[in-house]
Structures are given as structure tokens and as C-alpha cells.
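Only this structure's heavy atoms are used, side chains among them; waters, hydrogens and symmetry mates stay out. Per chain, numbering begins at 1; letters A, B, ... match sequence-line order. All values derive from a computational prediction rather than experimental measurement.
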Amino acid sequence: MFPEALEYHVAPYISNFVKWLLHTCGPAFDAFSNSLITIMVQIEHGLLFIPWWLWAIGIMFLSWRITRHIGKTILPAVLLMTIGMLGLWDVAMETLSIIIVSVVLALIIGIPSGIAMAVSNRVNTVFTPILDAMQTMPSFVYLIPALMLFHLGKVPAVVATVIYAVPPVQRLTNLGIRQVSESVQEAALAFGATPWQLMKEVRLPLAMPSILAGINQTTMMALAMVVIASMIGAGGLGEKVLVATNRIDVGGGFEAGWAIVVLAIIIDRLSQGAAGKFDNTNIQR
Amino acid sequence: MDSNSETYILEVENLWKVFAKDKIECNLYDAAAVGKLEAAGGVVAVRDISFKIKRGEVFVIMGLSGSGKSTLIRCIPRLIDPSSGRIMMNGDNVSEMDQEQLTEFRRTKAAMVFQHYGLLPHRTVLENVSFGLKLRGVEQKDREMKAEQAIEQVGLKGWEAHYPSQLSGGMQQRVGIARALVQETDLLLLDEPFSGLDPLIRREMQEELLRLQEQLHKTMVFVTHDLSEAVRLGDRMAVMKSGEFVQEGTPQEIIMHPADEYVQRFVQDEQKIALMMEQDNKPSNVRTLPVRSGGCSDKAVSGTRR
Ligand SMILES: Nc1ncnc2c1ncn2[C@@H]1O[C@H](COP(=O)(O)OP(=O)(O)OP(=O)(O)O)[C@@H](O)[C@H]1O
Ligand SMILES: [Mg+2]
């Protein structure tokens, strides 16, 4: 046994720090929470407002544009229908709205910071170990800070999801920009490109395939995290799984799990397809 | 502005470029200090080079791989910042320009053609050629009109909507040349533009460049490691070796009077060709230029003496 005399707890200090933080910055946190909730509710309403058949048509339309393959066009729509048939339509839309908000926030944070890493070696050396650490940490860990600052509900779920989902897009933005050929960049500079023009006209467009791959990965990470975040009150499909697990309700768990897998497949296919469309670096026609 | 800067469009004075880990603080004219720099892993790529180019002249810089040609030509628009020395263009001191003036200089005064083309893979031929004008903020309609003209000049009409990856090497370099021409700069900087092309295409491109030069009368700095290219294109040329000009003059002077062993090795073949031509058809200016006996390889020398 470890001697009790050597025990030392940091928990009270951390709790006090968070209390102090909430006391001093409380209004800011509240404002952030409220606006996030408002946005999420709006998006959820929007998603539910679209009738199911329009969803099916929309997804078939996008799949057709991306794949030009009849089977690959009909399958996603049929899969989506199964979610409705299992009675999980509204819950799935709840999950989707959290994913959308989280991904948008993750991109707003991840892409500019990835650009900053590509532009400045100093920023790169600061961020790289942080990103490494973030990717080795189990996803549960992200629930803690979110929980501390925002208690239970959708807002901490989004915060945890955003933190978890930022690294891939940030990394791949940085990598994509750094991999742009030196000789192409030199030519642009020789013709009088300013640093901003170089970024906008050369580096970002040529990094686009890498950035889009990052967006795809970030989206998939967000989906995974939203399910886990049901533990702190994200609601949606994750909550169904959680409840089913606690009740040892195998059938219910399978249905909710199925819906999550369907969402994952559809989102992955669509975002990868979009990435392929935007891949403008090796155009062969 | 004196009359000097009227005749000379580009003047490079005592240019140095040292690649070193740390900032260079020593006196570059102190041989011992430079030796120390090199011993510490520094590379003196350009060593105290000066030259002047007249308006409308094609100045060829020739030398083996690693002799510093690319570094030298990149120092002119300061894609590489020289360690020391002065670059004057049309009486403006390029070496003292701030970032804004330098951008303006690169946009309007000097255009460059690269060995590896440096085309934007995600842009069409038309967009690539009009890229420089876009950077300047020229309206789309105007820049496409000018780009069309340049594309026609280099013989690529009909390829405007293609992407670089769809073109052969020679055609890509034509795009590179059109992109430089459309800038309407006095000065063209060409860094081994034809080195990546096979001999027949290379020959074709050289002729194309000569044809364009007849119309446009540009001032050119042309880097190559190929003597026949230098002879064909150059009004004047310089031979470069480990960062220095070992000889400067017209191609003929250099072929007939190689300054040392290094230049001699370059010009051997060309001398033989000249001698063969002389034997075939008598009237040739080669005969009037006595070959310097000292540095010449035996065959070439005995050939002339006979
Ligand atoms: N960024 C750099 N850092 C350090 N050394 C460099 C750098 N760029 C060039 N050098 C060195 O400077 C010397 C001259 O290089 P440069 O590229 O100018 O030669 P070059 O004559 O153009 O050769 P090539 O025919 O192969 O193009 C070489 O020894 C090269 O290793
Ligand atoms: Mg070179």
C-alpha cells in the first residue's frame, strides 16, 4: 500500500480555480453558451424542417454528381431511410446538428492555425507537440475541461467535440501548405507575388486536397466524439446507445448503433467525394 | 542620370553570395576570413562578380553544375538576397529597394523563365500566362487579351484551356516564356530554360527565342551549361567557375582564346567543329583568330598549325 501520509490532492485547487474562473468570466461563458444553444436549435429546426423525402432526393443528387454510379447513388438514400424506419429520425437530426456546429467551429479554429503553423516555424514548433499529445489522449479526457466550464448539456458536448476534432484539419492544412513545390512558389515570387497573394493564389489552392482530407477526418472525429459526449448530455443517438447499454437492451443498442454507422458512412462518402471534386492538382482530362 | 546608365541597362558590381548558417560579419575581401567561413561549412556561391549589360543584349552565363549560375541570376531580382554588392537596373539601385519597391520591380522590370517551368498546375495555360498581370491587378478582360497575344507569339494558340500536365516539356516551357513576355519587361532572366528538353526540341526552342528576340529586342541574361547554346544565342558570354567569372567576352573570343584549362575543356568540341568547318569551306573568321597555344589541347592546336 502507498503510505497515506504521502497522499496529496490537487483536486481542491483545480476546483477552486474553476470556481474562480466561472466567477470572474461567468457572463462571458453564459453569453457563449446561450449563443451556441441558439445556433444549434436553429440548425436542428432547419434539419427537421426538410421533409424526409427531400433528404433522400438531396443525398441521391449529391451522390450522383460525385459517383455517377446508380448503385452508389441509391444506397445512401436507402440507408438514410432505415434511420427513419427505426424511429430514430429526430434523434439523428439532433446528433447531426451538433456535428455541424462542432465541425464548423473546428474548421474556424483549425484551418487558420494550420496556416499559421505553415507560415511560421516558431508556431509550428509550439503546436506540433501539443497536437501530438492531443492525438494520443483518450477521447474521454476531453470531457473533463468541457464539463468543468460548462457543466452538463449540449454546450460542453460541442466544446469537447471541437477540441477533439481540431487536430487533423490543423495538421493537414500545415502539411499541405508545406508540401507545395518550392519551384512553383519561387516562380510566383519572381513575378511579384506578395506573401498574401502567394498564399491565396498558390499555396492554399495547391494544399486544397490535403486540407479537404483534413476536413473529412475532422468530421469523422467529430461524429465519434459526439457519441461519447452523450455521457455529458449531448443527447442524440449517443444517448440512445448509452441508455441501451445501461439497461443491457441489446436490440435498442443495435438500432442506435446502426443509425450512427449510417450517418458515418454517408458523411464520409459525401465529404470524400467533394474532396475528390476539388482535387485540382493533377487534372487529367 | 548619366549617359552610362543609358547604355547599360543592368550593372552588377562586386556581387557576393555566401550561404552560411550564421550571419556573415567578416570582410569578404579578407581571404583568410572567407577561408574560415568556408571551413565552417559556408558556401561561397557567388564571389565578387561584376558585369554590365547593354540594352538589347543577350548575355549568357555558362558554367558547370554547382558553379553558382542559378544563385547569381536569382540575386538580380533578389529571389536570393546577395550578401554584398550592388545591382543597378536602369539607374535604380535594386539592392537597396524595400519590399514594396522590390515587388514592383519584379512585376514590371524583370521577368524570369525557369528550368523546371514553375507553372501553376491548377491553372490553365491562359491563367498561367496572365498570372503576372493578375498579381498586378489588371482586369481579367485586359489580361486575357494580352495573354492571348503572348500565347500566339510562342505558337501555342488553341492550347489556352489546357492544363500544364497535359503539355509536353517543350510546350510547358513555351508557356513559361509567354508568361515572361506578357509582363512587357525590358529584362528577361532565363535559368537553363531548355536544359530539361531533348536536343531536337531544344534546338527548336533556341531558334524560337532568336526569332522572338528579333521582334522584341529584349535584354536577356541567359544561364546555360551548354556551350553550343551559348554560342547560338549569346551576344556576349561569361564562363563561371566556383562562383567567379573566369572569362568574359564574345562567344568567338572565348572559343578562340580560352583563358585557362577550365574554359578550354568547355570549348574543345566547339573548336573542333570550327576547324572542320574551316577545312570544308575556306572563308571563315576562325582563321583570322590565332589560337592561343598555351591552354589548348594538342589536337586542336596541331590542327591549326598545319
Ligand atoms: N540554399 C542554399 N544553401 C546552401 N548552399 C547552397 C544553396 N543554394 C545553392 N547552394 C550552393 O551554392 C553553389 C552554387 O549553386 P547553384 O545552384 O547556383 O549552381 P548552378 O551553377 O546553378 O548549378 P546547376 O547547373 O546544377 O543548376 C552550390 O555549391 C550549391 O551547393
Ligand atoms: Mg542552376
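- Proximity to chain B (any heavy atom under 4.5 Å) is shown, for A/Glu201, by both the backbone and the side chain.
- The parts of A/Glu186 that come within reach of chain B are both its backbone and its side chain, each placing non-hydrogen atoms under 4.5 angstrom from that chain.
- Within the 4.5 angstrom heavy-atom criterion, atoms from both the backbone and the side chain of B/Arg179 approach chain A.
- Using a 4.5 Å cut-off on side-chain heavy atoms (C-beta onward), B/Val182 and B/Gln149 make no contact.
- The number of heavy-atom neighbours closer than 6.0 Å to CD of B/Gln101, taken from other residues, nucleotides and ligands shown, is above 12.
- Looking only at atom types and distance, the side chain of B/Asp191 has a donor-acceptor partner in the side chain of B/Ser70 under 3.5 Å away.
- Among A/Gly192, A/Ala193, A/Ala188, the residue with the largest count of heavy-atom pairs under 4.5 Å with chain B is A/Gly192.
- B/Lys109 has no carboxylate O lying under 4.0 Å from a charged side-chain N of B/Glu184, or vice versa, which leaves the two without a salt bridge.
- Only the backbone of B/Leu119 comes within contact range of chain A, judged by heavy atoms closer than 4.5 Å.
- Here the CG-NZ distance, from B/Leu15 to B/Lys17, works out to 9.5 Å after rounding to the nearest 0.5 Å.
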